[in-house]
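Please read all numbers here as calculations on a predicted model, not as lab measurements. In what follows, every chain begins at residue 1, and chains take the letters A, B, ... in the order their sequences are listed.
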2 protein chains.
Amino acid sequence: MATQTEKCAGEAQSFERFGAAMLSGKVSDSAYLRFQSLAAYRQINAGETVPNMDLADRFVFLASGATKLVAEASGGREQVVAFHFADDLVSIPARGPHGYTLRALTDCDILVFPSLEFMQIAHTEPVTLGEVARRALHALWRCREKAVLLGRKTAQERIASFLIATARRIGSIERGACVLSLPMSRRDIADSLGLTTETVSRQFTDLRQMGLIATSGRSEVRLLDIAGLVARSGNFSIAA
Amino acid sequence: MATQTEKCAGEAQSFERFGAAMLSGKVSDSAYLRFQSLAAYRQINAGETVPNMDLADRFVFLASGATKLVAEASGGREQVVAFHFADDLVSIPARGPHGYTLRALTDCDILVFPSLEFMQIAHTEPVTLGEVARRALHALWRCREKAVLLGRKTAQERIASFLIATARRIGSIERGACVLSLPMSRRDIADSLGLTTETVSRQFTDLRQMGLIATSGRSEVRLLDIAGLVARSGNFSIAA
DNA sequence: CAGGATCATTGACCTGAGTCAAAGACGCTG
DNA sequence: CAGCGTCTTTGACTCAGGTCAATGATCCTG
């Protein structure tokens with residue numbers, strides 16, 4: 001379980017956070033300064049889109065807040081490809097079969113880097129390059145898990161899997177139970193799990209009636225029986 | 001369009017191929033030798049699984065042949081997470097919510113590395129580390145495209161997308177048309193696209209009747225109207 | 001090159017999730 | 001703290017794709 005993130009508004013704090021996460025203090029002063037001058041600091045309000053700048057690939061470091069990466073298919077269909085929280089590094093391709101946009105779920109502090117230049121500097125700093133590789137592989141792992149979910153799981157298994165995975169990222173312990181404060185709407189969850197808001201809602205209701213979860217308000221979910229959720233998540237092996 | 005791959009059986013040729021792809025000649029002799037002693041060469045016959053060795057994360061370099069990375073969910077459901085062809089580097093996590101296995105579609109020559117040690121050596125060679133990062137980001141990009149496909153596309157759009165994407169990887173030009181020699185069965189395609197063999201078959205039939213493709217035997221597909229396929233692929237922007 | 005096993009195709013029917021529509025809850029603003 | 005817009009929930013019905021079952025095409029082996 002990760003701890004919830006505090007606010008961190010401000011360019012200096014944001015870059016400091018980036019340094020701690022990606023440069024881990026072992027980077028040369030010159031590289032440090034080059035990263036600093038390359039970084040474009042932005043504050044993004046909830047609901048806003050991270051502007052596309054030019055048409056190049058970008059890395060976005062999320063210093064605070066939460067975002068979703070949305071891919072658009074034809075016919076206005078949207079798929080949420082990933083959610084991100086503080087300290088995450090997001091890779092956004094400029095173009096492809098689908099258009100990608102990064103949208104803020106809450107107010108965010110971010111640093112935007114052009115990928116090409118970022119990688120050029122990183123090539124002189126093994127620590128940072130290794131961190132990019134490590135994070136990319138981790139994101140790939142998560143994306144594969146999502147592919148299994150989207151390709152082969154029922155609506156209920158998708159919701160159970162989502163709750164377990166999200167709890168591991170932003171859940172907190174409160175009076176023995178795991179509590180989630182979801183920054184995303186039912187629509188975001190639906191677009192992430194390949195469902196509709198109606199189906200998401202129905203599955204929440206079912207899990208509530210089974211006594212596996214309790215909800216209060218629009219965003220708070222309390223996981224009452226994690227073992228029961230795992231059993232219903234469609235996972236092959238028991239998650240570690 | 002990539003060119004089809006020739007056979008390359010043999011440990012020496014396989015490692016040479018690895019060197020050309022991942023070390024690009026600029027690597028120190030000591031790192032070269034360390035990679036060489038870390039690599040476990042294997043020949044895998046079509047249909048066989050790459051043995052799990054110990055329980056650690058692995059990188060597999062595919063020197064020749066084609067493989068599928070399969071994730072297993074509960075109830076024996078299988079999801080093909082990715083296909084791989086010659087010169088691809090596959091990252092296989094040891095454990096997670098779903099068990100992963102790498103299976104050969106054709107006879108293969110592979111090099112297996114334990115991830116941890118591989119990354120340790122790579123940290124001394126920016127070229128290789130950068131290549132790992134580049135490939136991981138590329139695999140992530142592909143996996144995201146797959147998530148859009150699995151989350152939001154119809155059966156027909158999935159098949160069209162699959163044919164276009166596969167043509168780009170292993171298609172060859174023959175008398176003006178793009179020809180695919182698919183190394184995977186209908187079941188593999190179905191497990192990759194989140195469908196059943198029956199649905200895959202029906203969609204092939206439909207595309208054939210629309211005059212977009214022609215098939216001969218079990219594995220050969222001729223793309224007669226690529227623009228038509230793209231139009232039916234559900235892609236948002238026209239693919240480059 | 002005949003026999004047989006596997007793989008692919010086709011057809012009939014069924015179901016889980018989508019769609020459409022309406023009512024209810026939340027939470028924001030004045 | 002009342003009013004209103006948005007988000008969520010619930011219900012009735014539809015349909016794309018799954019399931020079950022049978023037939024037909026490949027291709028491999030002896």
Side-chain angles (χ1 to χ4, degrees), chain A residues 45-47 68 73 75-79 105-107 149-162 180-210 213-221 232 234, chain B residues 45-47 68 73 75-80 105-107 149-163 180-210 213-221 232 234:
Chain A
N45 296 324
K68 58 175 174 177
R77 292 169 293 181
E78 295 197 339
Q79 172 68 38
L105 297 171
T106 65
D107 294 352
L149 180 150
L150 293 171
R152 289 288 177 236
K153 290 191 182 179
T154 65
Q156 184 159 111
E157 290 172 338
R158 293 180 198 207
I159 299 290
S161 299
F162 166 78
L180 290 181
S181 182
L182 300 175
M184 69 289 280
S185 68
R186 296 289 186 269
R187 161 149 290 279
D188 292 329
I189 297 172
D191 285 344
S192 167
L193 303 181
L195 301 169
T196 58
T197 52
E198 293 93 327
T199 299
V200 171
S201 196
R202 278 187 256 269
Q203 294 305 329
F204 267 96
T205 303
D206 290 355
L207 292 176
R208 207 183 301 120
Q209 285 172 350
M210 289 192 259
I213 63 170
T215 59
S216 76
R218 278 170 183 167
S219 61
E220 199 180 298
V221 181
R232 269 158 231 282
Chain B
N45 295 323
K68 58 176 175 177
R77 292 170 292 181
E78 295 197 339
Q79 173 68 37
V80 171
L105 297 170
T106 65
D107 294 352
L149 179 150
L150 293 171
R152 289 291 178 234
K153 289 190 183 180
T154 65
Q156 185 159 111
E157 291 171 337
R158 294 180 197 207
I159 299 290
S161 300
F162 166 78
L163 290 173
L180 289 180
S181 182
L182 299 176
M184 69 289 279
S185 68
R186 296 288 186 270
R187 162 150 288 280
D188 292 329
I189 297 172
D191 285 344
S192 168
L193 303 180
L195 301 169
T196 58
T197 51
E198 293 93 328
T199 299
V200 171
S201 197
R202 279 187 256 268
Q203 294 305 330
F204 267 95
T205 303
D206 290 355
L207 292 177
R208 207 183 300 121
Q209 286 173 351
M210 289 191 258
I213 63 170
T215 58
S216 76
R218 278 171 185 168
S219 61
E220 200 181 294
V221 181
R232 270 159 230 283

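Within the model, atoms CZ of A/Arg187 and NZ of A/Lys68 stand 8.5 Å from one another, a figure rounded to the nearest 0.5 Å. Rounding to the nearest 0.5 angstrom, the gap separating the OG1 atom in A/Thr197 from the CD1 atom in A/Ile189 is 10.5 Å. Note that CG of B/Asn45 and OG1 of B/Thr106 are 10.0 Å apart. Values are rounded to the nearest 0.5 Å. Distance check, rounded to the nearest 0.5 Å: CG of B/Leu195 to CZ of B/Phe162 gives 11.0 Å. Annotation: the span from B/Ser192 atom OG to B/Gln79 atom CD amounts to 6.5 Å, rounded to 0.5 Å.
Of the residues in residues 195-205 of chain B, those lying under 4.0 Å from DNA chain C by heavy-atom distance are B/Glu198, B/Ser201, B/Arg202, B/Thr205. A heavy atom lying under 4.0 Å from DNA chain D marks none of the residues of residues 151-162 of chain A.
The outermost nucleotides of DNA chain D lying under 4.0 Å from heavy atoms of chain B, listed 5' to 3', are D/dG17 to D/dC27.
At least one side-chain heavy atom of B/Leu150 sits under 4.5 Å from a side-chain heavy atom of B/Arg158.
By the side-chain contact (heavy atoms from CB on, under 4.5 Å) test, B/Glu157 is found to be paired with A/Ser74, A/Arg77, B/Lys153, B/Thr154, residues two or more places apart in sequence or in another chain being considered. Remark: A/Thr199 engages A/Thr196 in a side chain to side chain donor-acceptor pair (under 3.5 Å) (not counting sequence neighbours). Legend: residues meeting side chain to side chain donor-acceptor pair (under 3.5 Å) with B/Ser219, ordered by chain and number and at least two apart, are absent. Contacts of A/Arg232 classified as salt bridge (charged side-chain N to carboxylate O under 4.0 Å, His left out), with partners at least two apart in sequence or in another chain: none. Legend: residues meeting side-chain contact (heavy atoms from CB on, under 4.5 Å) with A/Ala46, ordered by chain and number and at least two apart, are A/Asp107. Taking A/Arg218 as the reference, nothing meets the side-chain contact (heavy atoms from CB on, under 4.5 Å) condition, with sequence neighbours excluded.
Each end of the helix from C/dC1-D/dG30 to C/dG30-D/dC1 yields a helix axis from five base pairs, and these two axes differ in direction by 50° (to the nearest 10 degrees).
Rounded to whole angstrom, the span from the CD atom of B/Glu220 across to the P atom of C/dC7 amounts to 20 Å. Put simply, CZ on B/Arg187 is 15 Å from C1' on C/dT9, counting in whole angstrom units.
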Donor-acceptor contacts under 3.5 Å from residues 200-208 of chain B side chains, at least two apart:
from, atom 1, to, atom 2, distance (Å)
B/Gln203, OE1, B/Gln156, NE2, 3.1
B/Thr205, OG1, B/Ser201, O, 3.0
B/Arg208, NE, B/Thr215, OG1, 3.1

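For B/Asp191 and A/Arg152, the salt-bridge test passes: some basic side-chain N is under 4.0 Å from an acidic carboxylate O.
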Tabulated below should be each protein N or O lying under 3.5 Å from an N or O of nucleotides 24-30 of chain C; please produce it.
from, atom 1, to, atom 2, distance (Å)
C/dC26, O2, A/Arg218, NH2, 3.1

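Minimum heavy-atom separation, B/Ala73 to A/Gly234: CB-O, 3.4 Å.
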